[in-house]
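One structure is given here, and the rest of the page talks about it.
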Amino acid sequence: MPEKVEIIAREEVFNKAIFRIEEAKLRHEKYDGTMSEEISRLNLDRGDSVAAVVHIEETDEIVLIEQFRFSTYDRGPGWLRELPAGMIRDGERPEDSMRRELVEETGYTVITLRPISTFYVSPGGTSEQIHLFYARIHEGLKAGEGGGVEEEAEDIRTVLTPISTIETLLAMGHFSDAKTIIGLQWLLINRDQLAAY
């Protein structure tokens with residue numbers, strides 16, 4: 001596998017709110033062992049994020065959230081049903097971010113939190129990685145109302161979904177968010193082993 005990369009120049013070309021775009025001029029080793037011509041690439045750097053498959057043991061339900069996503073509005077209704085998720089703050093460990101986000105978005109405190117996978121969202125244009133977790137909660141352990149953070153203009157609705165319906169919902173194309181599809185497919189594959197997590 002090629003390994004050599006030569007960064008010729010890097011420059012921040014945009015920085016607003018949580019979005020930062022960097023342009024790089026570079027050459028990289030090709031599969032035939034030669035170096036590529038100089039090319040230009042852009043990277044959207046908004047930091048890394050967390051998401052969780054949240055399981056209520058007593059009722060065998062998954063906690064999903066629903067909220068408006070402007071980026072999806074022109075191609076659909078704009079409201080997506082997805083796994084609870086959020087951005088990792090500077091200096092925060094992914095596990096701590098996930099626990100914080102679950103309280104903010106759903107109101108639930110986590111009993112068990114286990115890593116599932118870390119993956120790139122869209123490696124052709126962004127360096128963002130999502131740290132995906134399995135979270136076990138109990139129905140009676142709510143630390144708050146959830147609904148999101150008012151200062152961040154979040155308006156989040158919690159949706160309890162029976163695990164028995166997930167396979168059908170996925171097959172019907174009910175979800176259009178990649179992290180949610182990945183997490184729910186993981187859930188179906190590991191359904192019989194959840195007690196071990």
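Just so we're clear, the structure is a prediction, and the values are computed from it rather than from any experiment.
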Using 4.0 Å as the upper bound for N to carboxylate O, is an ion pair formed by R99 and D96?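 No salt bridge links D96 with R99.
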Between E82 and R69, does at least one N-O distance fall below 4.0 Å, as a salt bridge requires?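 Answer for the salt bridge query: yes.
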All side-chain contact (heavy atoms from CB on, under 4.5 Å) counterparts of [X], not counting sequence neighbours:
X: R136; value: E57, T112, Y134, Y197
X: S122; value: T126
X: A178; value: none
X: F119; value: S117, I130, L132, K179, I182

Each residue besides [X] in its hydrophobic cluster should be listed here, by chain and number; the cluster joins Ile, Leu, Val, Met, Phe, Trp and Tyr at side-chain heavy-atom distances under 4.5 Å.
X: I156; answer: I65
X: I137; answer: V50, V54, I56, V63, I88, M98, L102, Y108, V110, L113, F133, L160
X: I189; answer: none
X: Y120; answer: none

Would you say that [X] contacts [Y] through its side chain, given a criterion of any heavy-atom pair below 4.5 Å between the two side chains?
X: S97; Y: M87; value: no
X: I62; Y: H55; value: yes
X: D48; Y: H131; value: yes
X: R20; Y: E12; value: yes
X: R81; Y: V159; value: yes
X: L170; Y: Q185; value: yes

Salt bridge (charged side-chain N to carboxylate O under 4.0 Å, His left out): which pairs involve residues 100-118, sequence neighbours left out?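 Residue pairs with at least one partner in residues 100-118: R89-E104, E92-R100, R100-E104.
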For the student: nearest non-hydrogen atoms of M35 and K4, plus distance: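 Here M35 and K4 meet closest at SD-CD, 4.0 Å.
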Looking at every non-hydrogen atom in both residues, tell me the closest pair between K25 and S40 and how far apart they are.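 What the structure gives for the nearest pair is NZ-OG, 4.1 Å.
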Are E58 and H138 linked by a side-chain donor-acceptor pair shorter than 3.5 Å?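 The answer is yes; a qualifying pair exists.
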Between [X] and [Y], is there a donor-acceptor pair closer than 3.5 Å when you use the side chain of the first and the backbone of the second?
X: D74; Y: G76; value: no
X: K142; Y: T106; value: yes
X: N190; Y: Q193; value: no

What residues form a side-chain hydrogen bond (donor to acceptor under 3.5 Å, both in side chains) with T59, not counting sequence neighbours?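 Per chain and number, T59 pairs via side-chain hydrogen bond (donor to acceptor under 3.5 Å, both in side chains) with E61.
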Identify, with sequence neighbours excluded, every residue that meets side-chain hydrogen bond (donor to acceptor under 3.5 Å, both in side chains) alongside E38.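 By the side-chain hydrogen bond (donor to acceptor under 3.5 Å, both in side chains) rule, E38 matches no residue at all.
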Derivation and outcome, side chain to side chain contact (heavy atoms under 4.5 Å, CB included), residues I163 and L187: CA-CA 9 Å; I163 290 181; L187 174 69; 4.2 Å; yes
Could you list all the side-chain hydrogen bond (donor to acceptor under 3.5 Å, both in side chains) pairs where at least one residue sits in residues 153-175, not counting sequence neighbours?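 Sorted result for residues 153-175: E66-R157.
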Taking I18 as the starting point, is it possible to reach V13 by hopping between hydrophobic residues whose side chains are less than 4.5 Å apart?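 In one cluster: yes.
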Do the side chains of M172 and I166 join up, straight or via other hydrophobic residues, at under 4.5 Å, putting them in one cluster?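 Per the 4.5 Å side-chain linkage, M172 and I166 are not co-clustered.
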Does the salt bridge (Lys or Arg N to Asp or Glu O under 4.0 Å) test come out yes or no for E22 and R41, once each step is laid out? CA-CA 8 Å; E22 175 183 49; R41 292 290 184 260; over 6 Å; no
Tell me whether D32 at atom CG has more than 12 heavy atoms from other residues, nucleotides or ligands lying less than 6.0 Å away.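 Result for CG/D32: enclosed.
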Assess whether atom OH of Y73 is packed by more than 12 heavy atoms of other residues, nucleotides or ligands within 6.0 Å.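 Count not over threshold, so no.
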Hey, what do you get for CG (L83) to CG (L184), rounding to the nearest 0.5 Å?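 With rounding to 0.5 Å, CG (L83) is 5.5 Å from CG (L184).
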